[in-house]
Amino acid sequence: MVDPYTPAPAPRSRASAPLSLSAPARPRRPRCLETGRGVLMAKFVLAGRADCPYYAKAELLADYLQKNLPDFRIHKITQHPHVWEEWLEHLCEKNKWSHTTSPIIWRELLDRGGKGMLLGGYNEFLEHAQLYYSVTSSMTTELMKTIAQENLETHVEKELEGESLKGLLSPLQVWITSASAPACYNLIPILTSGEVFGTQTELSIVLFDSKDAEEKLHILASETHDLVSPFLRSISVCTRVQEAFRQAHVVIVLDDSTDKEVYTLEECIRSRVPLCRLYGYLIEKNAHDSVRVIVGGKTFVNLKTVLLMRYAPSIAHNIVAVALGVEGQARAALARKLRTTPASIKDVIIWGNISGNNYVDLRKAKVYRYESAIWGPPYFSRPVLSLIFDSEWVNGEFVTTLRKLTATGQQLRGMLTAHSIATTLKYWYHGSPPGEIVSLGVLSEGQFGVPEGIVFSMPVKFENGTWKVLTDLKDVEISEKVMTRMTSDLIQEKLVALGDLINFQPYQSEHQDSVSSDLIQDEEKDVVMSNDVDSSDLIPQTISEKPRSQEPTNDSEGKSVEQQQITLDQL
């Protein structure tokens, strides 16, 4: 079979015929490298696209020469096909070469400095080997392609290994905003335990807050050092806004503290905009391209998330809101009723506003290892609703308890906030348990009939370093009335925050005599529960002497940090 990839043979310059690799003999030492002081060591560099058949053929020839010539050395470089052209252009520009194909071969003399001497591509290397070493190649086309595919697979494997080792050489940069908040104190021991990012990843944590909190941050950093965690490379404090989020791989946004009084809900909503605008700008400017932003807390979690997406549009898909705190509180309440452990209850879905009007959906909820007349192996489960015979408790006390906790923020105290954030990050990096439903606040694209453009808690699963909305779930349809109640406040919050709406009008149901009658139709009452929150409860309780202005905040949109003259202390 004739190899179509083999170029025409070069003219013979030796008495002997060109040697085929299929019948090797010892190649001759080239006279051009012989001097009165002996033979100079010749080093050739062979670089090519990992899937290039010509590179594969040149590689085999170079390996043969290196094996049989004591003064011949070959250094091989492969590049992924996606980056090959850019890499080659940079190489040629640096050395002032002209070459556009794969492979590229150049020669360096080990006893001389300066740049190498370009030999050329595959044809030039084959001609050089035949002319000076009396060696040629007879590799078939099929073998060339097979080796090229193997080269690509090997290159990809090495890249993956390099990424895993990179965590040990370059620690993961984790930034925590509002780091003086109580949740941070509980969060750091979990992050540094190795359970969240894995035992192969070292962390560099930066505590970010206002200048007023600097002393607290240094105390927290000192206590963190005392943990002597093998996974913590460093922990530092940052209070300078311009330096925020430099090379950040993970940004954790906690509830920002405020010492400013707000008299109305509209003022409270608008007060979130400047800080989110500032964070969004700095994350886009300073953070790593693949940064992951996770928003936790107890007030306006959905709103802060959608504002960050607005002001950091290039990473919007990598910004999420934590809903596991509400889910955990609901599972704990159910566990107390069923006299089991919260960990035995799975697949509770949180819909809607994480820190406001939401649904706790039990239609998919299951309980495992439940002691009853029916018993099974560890993977055996039973529907939660089939085990709760007290429907009045489901639609009364259960809903009322969760509503009060949401209204006061008590369900998201420091420990629960920290654990919810850490668990979400763990799932994000390593995947959620197979087959398990996780609740997460994400930007709606119209799934389940949710209006686009708002952050809405939905059922998702984590896999391969990302998340996916579980749109294929059956029997989770939400009635128009329930959807309107959940989305109305979220839409208005966004409009008020951006100055497109002056007054916030909380959703008013037709019935006010029952906690759940205005939320759930009669046929749905044993299926879906809700946390109905009084909007006045969302206004922070800390006060000062001066109120904030009610003027719309979108006038300064697009200005840089320097132009806005904003500091964390002013916010």
Side-chain angles (χ1 to χ4, degrees), residues 163-210 213-239 243-257 279 283 286-288 290-298 318-322 324-325 328 343 412-433 438 440 462 465 467:
E163 287 296 323
S164 63
L165 294 175
K166 200 181 210 178
L168 298 176
L169 302 175
S170 302
L172 195 72
Q173 300 289 328
V174 179
W175 283 71
I176 305 176
T177 74
S178 304
S180 61
C184 185
Y185 192 88
N186 296 279
L187 179 61
I188 289 177
I190 308 176
L191 295 179
T192 57
S193 67
E195 293 294 325
V196 176
F197 301 107
T199 56
Q200 300 299 317
T201 303
E202 287 189 338
L203 306 179
S204 178
I205 298 177
V206 184
L207 307 176
F208 180 51
D209 212 324
S210 65
E214 188 171 8
E215 183 178 354
K216 292 182 180 179
L217 299 184
H218 282 293
I219 294 174
L220 180 57
S222 178
E223 288 194 48
T224 303
H225 280 297
D226 295 341
L227 293 175
V228 197
S229 169
F231 310 110
L232 180 65
R233 176 76 65 87
S234 66
I235 183 167
S236 57
V237 170
C238 178
T239 59
E243 298 177 1
F245 313 126
R246 290 195 183 278
Q247 294 303 310
H249 297 101
V250 177
V251 175
I252 300 172
V253 181
L254 300 179
D255 271 329
D256 53 290
S257 57
Y279 284 176
I283 291 172
N286 296 336
H288 194 273
S290 61
V291 63
R292 303 180 187 190
V293 181
I294 185 165
V295 183
K298 61 184 180 181
N318 271 5
I319 304 177
V320 299
V322 179
L324 291 185
L412 290 174
R413 293 186 184 275
M415 186 180 297
L416 183 54
T417 298
H419 184 267
S420 302
I421 291 172
T423 303
T424 303
L425 279 172
K426 178 182 177 180
Y427 290 167
W428 204 345
Y429 274 84
H430 303 292
S432 53
V438 179
L440 186 71
F462 289 91
W467 50 266

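Just the heavy atoms: all of them, side chains too, but no hydrogens, waters or symmetry mates, feed the values below. For clarity, every value in this text was computed on a predicted model and none was experimentally measured. Sequential numbering from 1 along the given sequence is applied to the chain's residues.
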Item to check | Residue pair I252, L425: steps toward the side chain to side chain contact (heavy atoms under 4.5 Å, CB included) verdict | outcome: CA-CA 10 Å; I252 300 172; L425 279 172; 3.9 Å; yes

Heavy-atom closest pair, residues [X] and [Y]:
X    : Y    : answer
L254 : A181 : CD1-CB, 4.4 Å
A179 : D209 : N-OD2, 3.3 Å
L207 : A221 : CD1-N, 4.1 Å
G414 : N186 : C-ND2, 3.6 Å
F197 : V250 : CE2-CG2, 4.1 Å
K216 : S180 : CD-CB, 4.3 Å

Using side-chain heavy atoms (C-beta onward) and a distance below 4.5 Å, is [X] in contact with [Y]?
X    : Y    : answer
I205 : L232 : yes
T177 : V251 : yes
F231 : L191 : no
I283 : I319 : no
D255 : K298 : yes
W467 : Y427 : no
L203 : P171 : no

What distance separates [X] [atom1] from [Y] [atom2], expressed to the nearest 0.5 Å?
X    : Y    : atom1 : atom2 : result
H419 : L324 : NE2   : CG    : 9.0 Å
Q173 : S234 : CD    : OG    : 6.5 Å
E223 : L227 : CD    : CG    : 8.0 Å
L217 : T239 : CG    : OG1   : 8.0 Å
L440 : I294 : CG    : CD1   : 7.5 Å
I421 : L416 : CD1   : CG    : 10.0 Å

Next on the checklist: Walk me through whether V291 and N318 qualify under side chain to side chain contact (heavy atoms under 4.5 Å, CB included).
Outcome noted: CA-CA 7 Å; V291 63; N318 271 5; 5.9 Å; no

Next on the checklist: Could you walk me through whether I235 and H225 satisfy the side chain to side chain contact (heavy atoms under 4.5 Å, CB included) test, starting with their C-alpha distance in whole Å, then the side-chain angles of each, then the deciding distance to 0.1 Å, before giving a yes or no?
Outcome noted: CA-CA 8 Å; I235 183 167; H225 280 297; 3.4 Å; yes

Next on the checklist: Between H430 and V196 (side chain of the first, backbone of the second, donor and acceptor by atom type, cut-off under 3.5 Å), is there such a pair?
Outcome noted: yes

Item to check | Donor-acceptor contact below 3.5 Å, side chain S222 vs main chain I219 | outcome: no

Checklist entry - For atom OH of Y429, is the number of surrounding heavy atoms from other residues, nucleotides or ligands below 6.0 Å larger than 12? => result yes

Item to check | Heavy-atom neighbours of E243 CD exceed 12 at 6.0 Å | outcome: yes

Item to check | Parallel, tilted or perpendicular: rings of F208 and F245 (30°, 60°) | outcome: perpendicular

